[in-house]
Structure formats: structure tokens, C-alpha cells
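For this chain, numbers begin at 1 and follow the sequence in order. Scope of the values below: all heavy atoms of this structure, side chains included, with no hydrogens, waters or symmetry mates.
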Amino acid sequence: MINVKLRESQLKDGRVSLYLDYYPPIVNPKTGKSTRREYLKLYYKKNTKDPLERQKMKS
């Protein structure tokens, strides 16, 4: 049985990247290598309480 969790990773530009974390690792059928993460290429910006940061995110 494979457990899958949706996780997030903070990027340097302030966005958050979403990825799937598998346990135990699964084997990629194309490459034959085992992997634990699959990045979804989905991003979002976290809300901030700092007015300067909030203004920078709007532009």
C-alpha cells in the first residue's frame, strides 16, 4: 500500500510549490528509477501581513 501526501515547499521568490510525497518510493515506468516526489507545477502566494510585501505581491 502506498501512502501519498500533498506537501508544500517555500520558494525563494515567496511562492509556495505543491508536490506529492510517496511512501514507500515508487518506480518510474519510463526510467526504472525509484522516486518519492512528484512536483505538480502548481504555485500560490502566501498571504502576508506586511503592507510592503502585500503591495509588492499585487503588482
Side-chain angles (χ1 to χ4, degrees):
M1 180 182 212
I2 296 175
N3 294 322
V4 180
K5 290 187 180 183
L6 179 64
R7 297 194 186 244
E8 57 185 40
S9 175
Q10 184 74 32
L11 301 176
K12 290 182 182 179
D13 64 358
R15 296 182 301 164
V16 177
S17 172
L18 297 175
Y19 66 93
L20 298 176
D21 186 18
Y22 303 111
Y23 183 80
I26 61 170
V27 177
N28 185 335
K30 293 180 182 178
T31 62
K33 295 182 179 180
S34 63
T35 182
R36 285 212 39 190
R37 292 176 191 87
E38 181 178 343
Y39 288 90
L40 302 175
K41 298 180 184 174
L42 297 173
Y43 308 96
Y44 70 93
K45 293 185 179 180
K46 283 223 178 197
N47 293 336
T48 180
K49 295 184 180 190
D50 181 24
L52 296 175
E53 186 71 25
R54 192 177 303 152
Q55 185 177 6
K56 189 168 95 174
M57 288 171 62
K58 284 183 181 179
S59 57

Give a yes or no on this: more than 12 heavy atoms of other residues, nucleotides or ligands lie within 6.0 Å of atom OH of Y23.
no
Restricting to non-hydrogen atoms, name the atom on [X] and the atom on [Y] that form the minimum distance, rounded to 0.1 Å.
| X | Y | result |
| --- | --- | --- |
| P25 | R36 | CG-CG, 3.6 Å |
| Y44 | L18 | CE2-CD2, 3.9 Å |
| V4 | Y22 | CG2-CD2, 3.6 Å |

Can you get from L6 to V16 by hopping between Ile, Leu, Val, Met, Phe, Trp and Tyr side chains that sit under 4.5 Å apart?
yes
Are Y19 and I2 connected in the hydrophobic side-chain network, where two residues link if heavy atoms are under 4.5 Å apart?
no
Interatomic spacing from CG in D13 to CZ in R15 - rounded to 0.5 Å:
4.5 Å
As an exercise, state the distance from NZ of K33 to CG of N28, rounded to the nearest 0.5 Å.
9.5 Å
